[in-house]
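Heads up: the structure comes next, in structure tokens.
This structure is a prediction, so every number in the text was calculated from the model and none was measured. Nothing fancy with the numbering, it's 1 onward along the sequence.
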Amino acid sequence: MRESTGFKVVRILVIAVLAAFVALPLYIMISSSLKPLQDVQGDFTWWPTHLTISPFLDMWKTVPLGRYFANSIIVSTVATVFSLIIAIFASYAVSRYSFHGHSAFTTAILSTQMFPGVLFLLPLFMIFSNINTAIGVQLVGTRGGLVLTYLTFSLPFSIWMLSGYFNGIPRELDDAAKVDGCGPLTALLRVVLPAARPGVVAVAIYSFMTSWGEVLFASVMTTDANRTLAVGLRLYSTQTAVYWNQIMAASLAVSVPVVIAFLVLQRSFVAGLTAGAVK
């Protein structure tokens, strides 16, 4: 079906508006990161009158950004690995086996996405505090506690998405693997999992992005020693000054790992999302 000229013009205009809506804040962020602080605090200009890269150098000294960067990498990576491992086995069980409460389990998993994250903040804090009181395991103010916190809201969606992807993989592959002498675990690891690579990549990126940019729980569950990047950015605002150019530079640095991961794994991510959504 051939599109009309009017529809084509409207489509181009809509795409141009959306592109400008996305590109304009990004351009302002980049240009502000290349300006001296006095230029950023003065009248707005579309182009820096004095180009400088000092904000990208000073941002590591104003706050301990390197430590926050390391904390974010560790927490996000560990949370992603555990979320991926648990989601793979749970999704395979949901997809391939029937058990009592199967429908209730899948409904409960999906229903957790209906509630805002702030609803779980106080209960999780109290649970972690009570665990520390009961058995002496410190979870509040530690990386381990933050990893457990991120698993509580990344796992449900990961299980739901992966189980939908596993449903789209023919069960005949499992049967053929069993004929060749593979058990359920071997069939999963050697046959089903390689076929589900796009779904696994989508879950990994989702879990990493969820942990990397999270602010609410990280601001309550961390101390200065294990603070993450998303929370550490606010320290560029002090009682005497706000280092806007360094905030913009640090924000760009924070975005780099996620952007690189998405660009490298874009095809698998999109394929995993679409396949898991329709199966």
Dump the intermediate steps for side chain to side chain contact (heavy atoms under 4.5 Å, CB included) on Ile131 and Ile127, then the final yes or no.
CA-CA 6 Å; Ile131 289 175; Ile127 290 172; 3.9 Å; yes

For Arg143, which residues count as a salt bridge (charged side-chain N to carboxylate O under 4.0 Å, His left out) partner, sequence neighbours excluded?
none

Could you tell me the separation between the CZ atom of Arg171 and the CZ atom of Phe166, rounded to the nearest 0.5 Å?
12.0 Å

Tell me every residue that passes salt bridge (charged side-chain N to carboxylate O under 4.0 Å, His left out) with Arg190, counting only those two or more places apart in sequence or in another chain.
none

Transitively linked via ILVMFWY side-chain contacts under 4.5 Å: Ile169 with Val179?
no

Nearest heavy-atom approach of Ser219 to Val231 is N-CG2, 3.6 Å

Compare all side-chain heavy atoms of Leu252 with those of Val256 and state whether any distance is below 4.5 angstrom.
no

Which atom pairs, one a donor and one an acceptor, fall under 3.5 Å between side chains of residues 83-93 and the rest of the protein, sequence neighbours left out?
from: Ser83; atom 1: OG; to: Ser207; atom 2: OG; distance (Å): 3.2
from: Ser91; atom 1: OG; to: Ala87; atom 2: O; distance (Å): 2.5
from: Ser91; atom 1: OG; to: Ile159; atom 2: O; distance (Å): 3.1
from: Tyr92; atom 1: OH; to: Asp174; atom 2: OD2; distance (Å): 2.6

May I have all residue pairs that pass ring-ring contact (aromatic ring centres under 6.0 Å, His included) and include part of residues 214-254, sequence neighbours excluded?
Phe153-Phe217

Of all the heavy-atom pairs spanning Ile109 and Pro156, show the shortest one and how long it is.
CG2-O, 3.0 Å

Do the ring planes of Trp60 and Phe69 sit parallel (below 30°), tilted (30 to 60°) or perpendicular (above 60°)?
tilted

Interatomic spacing from CG in Leu233 to OG1 in Thr228 - rounded to 0.5 Å:
9.0 Å

Report the distance from atom CG of Leu188 to atom CZ of Arg96, rounding to the nearest 0.5 Å.
9.0 Å

Taking only residues two or more places apart in sequence or in another chain, which ones pass side chain to side chain contact (heavy atoms under 4.5 Å, CB included) with Arg67?
Pro64, Asn71, Asp224

Sequence neighbours excluded - salt bridge (Lys or Arg N to Asp or Glu O under 4.0 Å) pairs with any residue from residues 110-121
none

Determine, using the 4.5 Å side-chain heavy-atom cutoff (strictly less than), whether Val14 and Leu24 are members of one ILVMFWY cluster.
no

Go through the steps for Leu124 and Met221 under the test side chain to side chain contact (heavy atoms under 4.5 Å, CB included), then give the verdict.
CA-CA 10 Å; Leu124 279 174; Met221 299 291 189; 4.0 Å; yes

Output all residues satisfying salt bridge (charged side-chain N to carboxylate O under 4.0 Å, His left out) with Asp58, sequence neighbours left out; order by chain, then residue number.
none

Identify, with sequence neighbours excluded, every residue that meets ring-ring contact (aromatic ring centres under 6.0 Å, His included) alongside Trp47.
none

Are there more than 12 heavy atoms of other residues, nucleotides or ligands under 6.0 Å from atom CG of Leu18?
yes

When rounded to the nearest 0.5 angstrom, what distance separates SG in Cys182 from CG in Leu189?
10.0 Å

Do Val242 and Val63 sit in one hydrophobic cluster, given that two such residues count as connected whenever their side-chain heavy atoms are within less than 4.5 Å of each other, even indirectly?
yes

Not counting sequence neighbours, list each pair that qualifies as a side-chain hydrogen bond (donor to acceptor under 3.5 Å, both in side chains) and has a residue in residues 125-138.
Asn132-Gln138

So which pairs with a foot in residues 210-220 pass salt bridge (Lys or Arg N to Asp or Glu O under 4.0 Å), sequence neighbours left out?
none

Sequence neighbours excluded - side-chain hydrogen bond (donor to acceptor under 3.5 Å, both in side chains) pairs with any residue from residues 17-38:
Lys35-Thr45

Counting C-beta onward and ignoring hydrogens, is there a side-chain heavy-atom pair between Thr210 and Phe157 closer than 4.5 Å?
no

Is it true that, when you exclude Phe82 itself, more than 12 heavy atoms of the residues, nucleotides or ligands shown sit nearer than 6.0 Å to its CZ?
no

When rounded to the nearest 0.5 angstrom, what is the spacing between CG in Leu155 and CG in Leu162?
10.5 Å

Met29 versus Ser251, closest heavy-atom pair with distance:
SD-CB, 4.1 Å

Any donor and acceptor pair, going by atom type alone, linking the side chain of Ser76 with main-chain N or O of Ile73 inside 3.5 Å?
no

Say you draw a straight line from CZ of Phe21 to CG of Leu26; how long is it, rounded to the nearest 0.5 Å?
13.0 Å

Determine whether Thr149 and Phe128 satisfy the following criterion, side chain to side chain contact (heavy atoms under 4.5 Å, CB included), listing intermediate values before the conclusion.
CA-CA 10 Å; Thr149 301; Phe128 288 172; 3.3 Å; yes

Grab the two heavy atoms, one from Ala204 and one from Thr80, that are nearest each other, plus how far apart they are.
O-CG2, 3.5 Å

Shortest non-hydrogen contact from Thr52 toward Pro36:
CG2-N, 3.7 Å

Can you get from Val137 to Val147 by hopping between Ile, Leu, Val, Met, Phe, Trp and Tyr side chains that sit under 4.5 Å apart?
yes

Is it the case that over 12 heavy atoms from other parts of the model lie below 6.0 angstrom from the CZ atom of Phe56?
yes

Establish whether Leu151 and Leu146 are linked, either directly or via other cluster members, by ILVMFWY side-chain heavy-atom contacts under 4.5 Å.
yes

Partners passing salt bridge (charged side-chain N to carboxylate O under 4.0 Å, His left out) against Asp39 (at least two apart in sequence or in another chain):
none

Under the criterion side chain to side chain contact (heavy atoms under 4.5 Å, CB included), I'd like the reasoning laid out for Leu229 against Trp212: C-alpha separation, chi angles, the key distance, then a yes or no.
CA-CA 8 Å; Leu229 275 173; Trp212 185 263; 3.6 Å; yes

